[in-house]
S.K.: 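Quick one: the structure is below, questions incoming.
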Amino acid sequence: MTDTTTEPSPADAASLHAPVIAWFDEHARDLPWRRPEAGAWGVMVSEFMLQQTPVSRVLPVYEQWLARWPRPADLAAEAPGEAVRAWGRLGYPRRALRLHGAAQAITERHSGDVPSDHGQLLALPGIGEYTAAAVASFAYGQRHAVLDTNVRRVFARAAGGVQYPPTATTAAERKLARALLPDDEETASRWAAASMELGALVCTARGEDCTRCPIAAQCAWRLAGKPAHEGPARRGQTYAGTDRQVRGKLLAVLRDARTPVPQSALDAVWNDPVQRARALDGLVADGLVEPLADGLYRLPG
DNA sequence: AAGGCGTGGCT
DNA sequence: TAGCCAAGCCT
């Protein structure tokens with residue numbers, strides 16, 4: 001006697017591909033990094049910027065960035081501080097530094113071309129498991145499990161029957177993602193983009209709209225009555241009063257200054273001298289700020 | 001492996 | 001309002 005009530009069978013898995021990809025064909029956003037002229041460099045830049053930052057905020061910075069540095073070598077030739085300045089208010093400015101470092105590595109080690117090999121991508125600064133798979137899949141059409149927060153949520157619901165995926169990516173999630181991956185490259189890369197877009201537009205963290213979902217009829221979570229998340233709430237990101245906030249204020253001063261700024265200008269952004277000094281030291285240690293002689297500071301040259 | 005790391009919009 | 005959330009990476 002066969003159990004038909006729990007894990008989806010391989011047949012079920014395959015039956016997800018067609019409706020999700022058909023939905024994607026109809027509803028995919030026309031994003032600049034999805035256009036053919038973006039190239040692998042455009043895809044890579046977008047992936048760096050999209051790490052923890054919404055599409056709407058990335059769009060203008062992406063356009064400026066690609067216009068100014070159309071190839072990795074163009075960025076590699078700049079001072080790292082220019083990358084940090086051009087990053088603007090996207091947040092997590094270490095990403096700008098890492099993207100600059102990746103451009104240098106690409107220029108030196110890969111003749112200026114974004115590598116297509118997953119392992120070579122993974123070796124670049126700022127590129128982890130997700131971004132390596134995303135670039136290889138989106139830019140080069142390869143077959144990779146692309147597990148971002150959107151895909152993890154879609155899988156948690158459709159296959160796992162729960163509202164949210166675990167806090168950290170588990171081996172079980174990777175296994176499921178590989179099992180769900182279509183066999184041929186073309187379909188696999190399409191599936192990766194489509195399942196991600198479904199999570200971004202329809203199967204969202206809050207306010208999901210199952211009436212627009214192409215796989216609602218097969219979704220384990222919906223079929224179970226959409227039970228609420230069990231267990232502890234996910235760790236909240238406190239921000240007010242943290243070193244992160246101070247770092248942000250300090251860096252904003254340096255971004256907006258075209259010449260080195262005196263210590264006094266930095267002192268003005270935060271009244272606790274101990275925390276202020278700790279934040280500044282951290283920025284220097286991270287390579288985001290360069291101390292000069294005479295108590296002057298600037299973005300790294 | 002848990003926590004640090006920006007910023008802003010939305011509920 | 002005060003969280004919650006957004007195509008993660010690194011140590």
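The basis for the numbers below is simple: all heavy atoms, side chains too, and nothing from hydrogens, waters or symmetry mates. Chain letters run A, B, ... following the sequence lines, proteins first and then strands; every chain starts at 1.
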S.K.: Return the 5'-most residue of the pair A:I127, A:R206 with respect to DNA chain C, ranking by each residue's nearest nucleotide.
M.R.: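 Here A:R206 is the residue nearer the 5' end.
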S.K.: DNA chain B: A:A252 or A:R98, which has the more 5' nearest nucleotide?
M.R.: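 It is A:R98 whose nearest nucleotide is closer to the 5' end.
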S.K.: Could you walk me through whether A:Q163 and A:W221 pass the side chain to side chain donor-acceptor pair (under 3.5 Å) test, one step at a time?
M.R.: CA-CA 7 Å; A:Q163 187 176 19; A:W221 183 53; 5.4 Å; no
S.K.: Base of B:dG4, side chain of A:T242 - is there a donor-acceptor contact under 3.5 Å?
M.R.: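 Checked by distance alone, the answer is no.
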S.K.: Flag the pair A:E290 and A:R298 as a salt bridge only when some basic side-chain nitrogen lies within less than 4.0 angstrom of an acidic carboxylate oxygen.
M.R.: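 Judged by the 4.0 Å cut-off on N to carboxylate O distance, A:E290 and A:R298 do form a salt bridge.
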S.K.: For B:dG8, take OP1 and OP2 only and decide whether either is under 4.0 Å from a side-chain N or O of A:T53.
M.R.: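 For B:dG8, neither OP1 nor OP2 has a side-chain N or O of A:T53 closer than 4.0 Å.
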S.K.: Report yes if at least one side-chain N or O of A:Y239 is closer than 4.0 Å to OP1 or OP2 of C:dG3; otherwise report no.
M.R.: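 No, A:Y239 has no side-chain N/O under 4.0 Å of OP1/OP2 on C:dG3.
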S.K.: Any base atoms under 4.0 Å from A:Q245, or only sugar-phosphate, or nothing? Heavy atoms, all strands.
M.R.: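 A:Q245: no heavy atom of the nucleic acid under 4.0 Å.
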S.K.: Report yes if the distance between the aromatic ring centroids of A:W65 and A:W87 is under 6.0 Å, otherwise no.
M.R.: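 Close enough - the centres of the two rings lie under 6.0 Å apart.
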S.K.: Please work out if A:T131 contacts a base, only the sugar-phosphate, or nothing of the nucleic acid, heavy-atom cut-off 4.0 Å.
M.R.: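 Since only primed, P, OP1 and OP2 atoms lie under 4.0 Å of A:T131, the category is sugar-phosphate.
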S.K.: Whether A:E208 and A:R153 form a salt bridge (side-chain N of Lys/Arg under 4.0 Å from carboxylate O of Asp/Glu) is what I want to check.
M.R.: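 The answer is no: the pair does not qualify as a salt bridge.
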S.K.: Side chain of A:A205 only, please: which of C:dA7, B:dC5, C:dA6 is the nearest?
M.R.: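 Between C:dA7, B:dC5, C:dA6, the one nearest the side chain of A:A205 would be C:dA6.
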S.K.: Checking all strands, does A:R29 fall into the base, sugar-phosphate, or nothing category for heavy-atom contacts under 4.0 angstrom?
M.R.: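 Base contact.
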S.K.: Taking the basic N atoms (NZ, or NE/NH1/NH2) and the acidic carboxylate oxygens, is any pair closer than 4.0 Å for A:E63 and A:R68?
M.R.: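 A salt bridge is absent here (no side-chain N lies under 4.0 Å from a carboxylate O).
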S.K.: When the P atoms of C:dA7 and B:dC5 are compared, how many Å lie between them, rounded to an integer?
M.R.: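 Per the computed distance, 23 Å lies between those P atoms.
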S.K.: Should A:Q52 be listed as having a side-chain N or O under 4.0 Å from OP1 or OP2 of C:dG8?
M.R.: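 Yes, within the criterion.
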S.K.: With respect to the phosphate group of C:dC9, does any side-chain polar atom (N or O) of A:Y92 fall under 4.0 Å of OP1 or OP2?
M.R.: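 Result: no.
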S.K.: Roughly how many Å is it from CG in A:D286 to P in B:dG6, rounded to a whole number?
M.R.: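 The distance from CG of A:D286 to P of B:dG6 comes to 7 Å, rounded to the nearest Å.
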S.K.: Work out how far the P atom of B:dG3 is from that of C:dC4, and round it to whole angstrom.
M.R.: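 My reading of the P atoms in B:dG3 and C:dC4 gives 16 Å.
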S.K.: So that I can tick it off, tell me whether A:R190 and A:D25 are bridged by a salt bridge, with the cut-off set at under 4.0 angstrom between side-chain N and carboxylate O.
M.R.: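 Salt bridge: yes.
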S.K.: So what does A:L97 touch, heavy atoms closer than 4.0 Å: a base, only the sugar-phosphate, or nothing?
M.R.: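 Result for A:L97 = nothing.
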S.K.: Residues from residues 33-45 of chain A sitting under 4.0 Å of DNA chain C, heavy atoms only?
M.R.: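 Listed by number, they are A:W33, A:R34.
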S.K.: So, is A:R94 close to the C:dC9 phosphate, meaning a side-chain N or O under 4.0 Å from OP1 or OP2?
M.R.: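 So the side-chain polar atoms of A:R94 never come under 4.0 Å of the phosphate oxygens OP1 or OP2 of C:dC9.
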S.K.: So which one's nearest nucleotide on DNA chain C is more toward 5', A:R57 or A:L122?
M.R.: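 Nearest-nucleotide comparison on DNA chain C picks A:R57.
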S.K.: In terms of side-chain heavy atoms, does A:D267 have a donor or acceptor partner in A:S264 at a distance below 3.5 Å?
M.R.: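 No pair is found: no donor N or O on one side chain lies under 3.5 Å from an acceptor on the other.
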S.K.: Considering only NZ, NE, NH1 and NH2 on the basic side and carboxylate oxygens on the acidic side, decide whether A:R278 and A:D281 come within less than 4.0 Å.
M.R.: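 Judged by the 4.0 Å cut-off on N to carboxylate O distance, A:R278 and A:D281 do not form a salt bridge.
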S.K.: Say you pick atom P in B:dG8 and the same atom in C:dC9; how far apart are they, in whole Å?
M.R.: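 It comes out at 23 Å once rounded to the nearest Å.
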S.K.: Is the distance from OP1 or OP2 of B:dG8 to the nearest side-chain N or O of A:R244 less than 4.0 Å?
M.R.: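 Looking at the OP1 and OP2 atoms of B:dG8, neither is under 4.0 Å from any side-chain N or O of A:R244.
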S.K.: Quick one: classify the glycosidic conformation of C:dA6 as syn or anti, with syn meaning within 90° of 0.
M.R.: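 Glycosidic conformation of C:dA6: anti.
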